[in-house]
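Reading through the structure tokens given below for one structure.
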Amino acid sequence: MSNIVLQLSTEVQDKVKSYYASSIVERSAPGVVFAAKLPDTAITVYKSGKVMFQGIGAKREASRWGEVKAKSPSTSATSANQPIQTKGDKLPEHFAELSVIGSDETGTGDYFGPVTVAAVYVPQDKIELIYELGVKDSKMLNDTIMKRMAPDIMSVCTHSILTLRNEKYNELQAKGYSQGKIKAMLHNQALKHVLKKMAPEKPDYILVDQFAERNVYYNHLKNVKEIVRENVLFSTKAEQLHAAVAAASILARYAFLNEMDRLSDTVGFPLQKGASGKVDEMAARIWLERGEETLRSLSKWHFANTEKARKIVNLKRS
């Protein structure tokens with residue numbers, strides 16, 4: 001076992017820091033509070049309370065501080081007893097065990113806030129580590145957990161996170177860009193970034209959480225100079241098929257939540273997620289209190305919520 005993660009109490013973490021104090025090294029990665037390097041093992045303590053041991057001596061060192069359990073089969077991306085019903089490309093055998101870049105997006109159905117896309121490379125030797133960090137389909141995690149987990153993922157995996165803020169989103173949409181085209185461009189760009197960061201190493205495959213058929217996706221990119229095509233696969237429910245997409249879904253959500261926090265600060269109250277009637281009411285309130293341009297800068301202006309908010313505003317003004 002080359003990667004082991006233990007969840008330790010504050011008291012035990014302090015003992016870990018004291019024990020390895022003579023081997024301390026500088027680590028500026030997000031979420032890291034302490035790092036040490038032995039000849040055969042790297043020890044990293046995170047704000048979350050997780051302590052990661054990496055290297056040949058990982059099991060030896062981890063055993064000093066807690067019980068090292070064998071990996072549970074249930075943590076793997078797929079289960080033979082519960083086949084996942086997906087649409088898209090047929091994946092190679094044992095796909096969940098391969099080195100893969102995964103990409104996913106969020107924010108596309110929310111009136112307020114950006115569209116965010118993340119791509120993450122999870123090599124074969126880090127798949128177990130990613131699951132031990134708690135990574136799973138983001139739909140199975142709440143926002144608080146994902147915000148806490150994201151720095152750990154970013155510290156151990158090559159990644160790219162793109163945030164398309166509302167002003168730019170509305171500008172592209174006004175030029176005739178569909179949301180599908182915008183998403184395809186963001187996915188392609190995030191994948192390019194990761195490939196460049198990890199070069200000359202290459203993944204076995206790239207898996208995109210499918211939002212369009214392959215030919216439609218690449219048609220969206222027909223005017224893009226550099227298009228990622230090699231070993232690219234598409235599948236729905238991809239976050240359940242490989243740790244890389246599950247990790248990407250968490251980083252995309254993390255970026256979305258951070259931008260929502262920033263936008264909420266500008267209006268002085270938390271913005272409602274989604275596109276419900278509550279969103280219409282909140283949009284109308286912002287329109288009345290801050291003006292149309294402020295609302296436009298916070299929202300996806302072409303959504304039906306805008307016209308619904310306009311009607312509410314007109315009723316309140318009449």
Side-chain angles (χ1 to χ4, degrees), residues 1-72 75-77 99-102 118-136 138 141 144-161 193-194 197-198 201 203 242-255 257-258:
M1 185 184 289
S2 59
N3 295 288
I4 298 172
V5 176
L6 299 178
Q7 182 75 45
L8 302 179
S9 67
T10 302
E11 182 182 356
V12 177
Q13 288 176 56
D14 290 340
K15 291 180 179 179
V16 170
K17 294 174 188 176
S18 176
Y19 186 85
Y20 297 111
S22 61
S23 302
I24 193 169
V25 294
E26 280 292 322
R27 281 285 304 279
S28 58
V32 174
V33 295
F34 175 86
K37 186 73 171 68
L38 305 180
D40 63 354
T41 313
I43 300 97
T44 310
V45 181
Y46 294 97
K47 290 179 182 177
S48 62
K50 290 186 176 72
V51 180
M52 181 168 64
F53 301 84
Q54 295 174 283
I56 297 172
K59 186 174 183 179
R60 180 195 68 235
E61 296 304 319
S63 296
R64 298 180 190 277
W65 311 105
E67 183 182 358
V68 179
K69 298 178 181 178
K71 182 187 174 187
S72 168
T75 60
S76 63
S99 298
V100 170
I101 298 175
V120 179
Y121 176 52
V122 179
Q124 188 176 48
D125 64 356
K126 286 187 177 178
I127 293 172
E128 180 180 350
L129 170 62
I130 287 298
Y131 285 121
E132 288 184 0
L133 288 174
V135 170
K136 61 179 75 173
S138 63
L141 301 168
T144 300
I145 291 174
M146 284 188 280
K147 289 180 82 169
R148 189 169 66 237
M149 189 182 293
D152 287 352
I153 298 170
M154 291 188 286
S155 71
V156 298
C157 291
T158 303
H159 64 278
S160 174
I161 304 174
H193 287 173
V194 174
K197 287 179 182 180
M198 59 185 283
E201 185 180 0
H242 198 281
V245 185
S249 70
I250 291 169
L251 295 195
R253 185 67 177 175
Y254 172 76
L257 293 171
N258 284 344

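Because the structure is a prediction, the values reported are computed rather than measured.
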**Asked** What do the steps show when you test S155 against T44 for side-chain contact (heavy atoms from CB on, under 4.5 Å), and what is the final call?
**Response** CA-CA 10 Å; S155 71; T44 310; over 6 Å; no

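- For I145, the side-chain contact (heavy atoms from CB on, under 4.5 Å) partners at least two apart in sequence or on another chain are L141, N142, R148, M149.
- I250 contributes atom CD1, which lies 11.5 Å from atom CG of L257 (distance to the nearest 0.5 angstrom).
- Between F34 and V16 the shortest heavy-atom distance is CE2-O, 4.5 Å.
- Shown here are the side-chain hydrogen bond (donor to acceptor under 3.5 Å, both in side chains) partners of E201, two or more places apart in sequence or in another chain: Y121.
- Residues passing the salt bridge (Lys or Arg N to Asp or Glu O under 4.0 Å) test with K197, sequence neighbours excluded: none.
- Under the side-chain hydrogen bond (donor to acceptor under 3.5 Å, both in side chains) criterion, D14 pairs with no residue, sequence neighbours left out.
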**Request:** Take L133 and V156 through the side-chain contact (heavy atoms from CB on, under 4.5 Å) test and state the conclusion after the steps.
**Result:** CA-CA 10 Å; L133 288 174; V156 298; 4.1 Å; yes

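- Annotation for A118 and L251: closest pair CB-CB, 3.8 Å, computed over non-hydrogen atoms.
- Contacts of E11 classified as side-chain contact (heavy atoms from CB on, under 4.5 Å), with partners at least two apart in sequence or in another chain: S9, K15.
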**Asked** Under the side-chain contact (heavy atoms from CB on, under 4.5 Å) criterion, do K147 and N258 qualify, and how do the steps go?
**Response** CA-CA 9 Å; K147 289 180 82 169; N258 284 344; 3.9 Å; yes

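- The CH2 atom of W65 sits 14.5 Å away from the CD1 atom of I4 when rounded to the nearest 0.5 Å.
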**Request:** Could you walk me through whether M154 and I161 pass side-chain contact (heavy atoms from CB on, under 4.5 Å), step by step?
**Result:** CA-CA 10 Å; M154 291 188 286; I161 304 174; 3.8 Å; yes

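- The side-chain contact (heavy atoms from CB on, under 4.5 Å) check on A247 picks up V120, V135, I153, with sequence neighbours excluded.
- Every residue two or more places apart in sequence or in another chain that forms a side-chain contact (heavy atoms from CB on, under 4.5 Å) with K37 is listed here: V25, A42.
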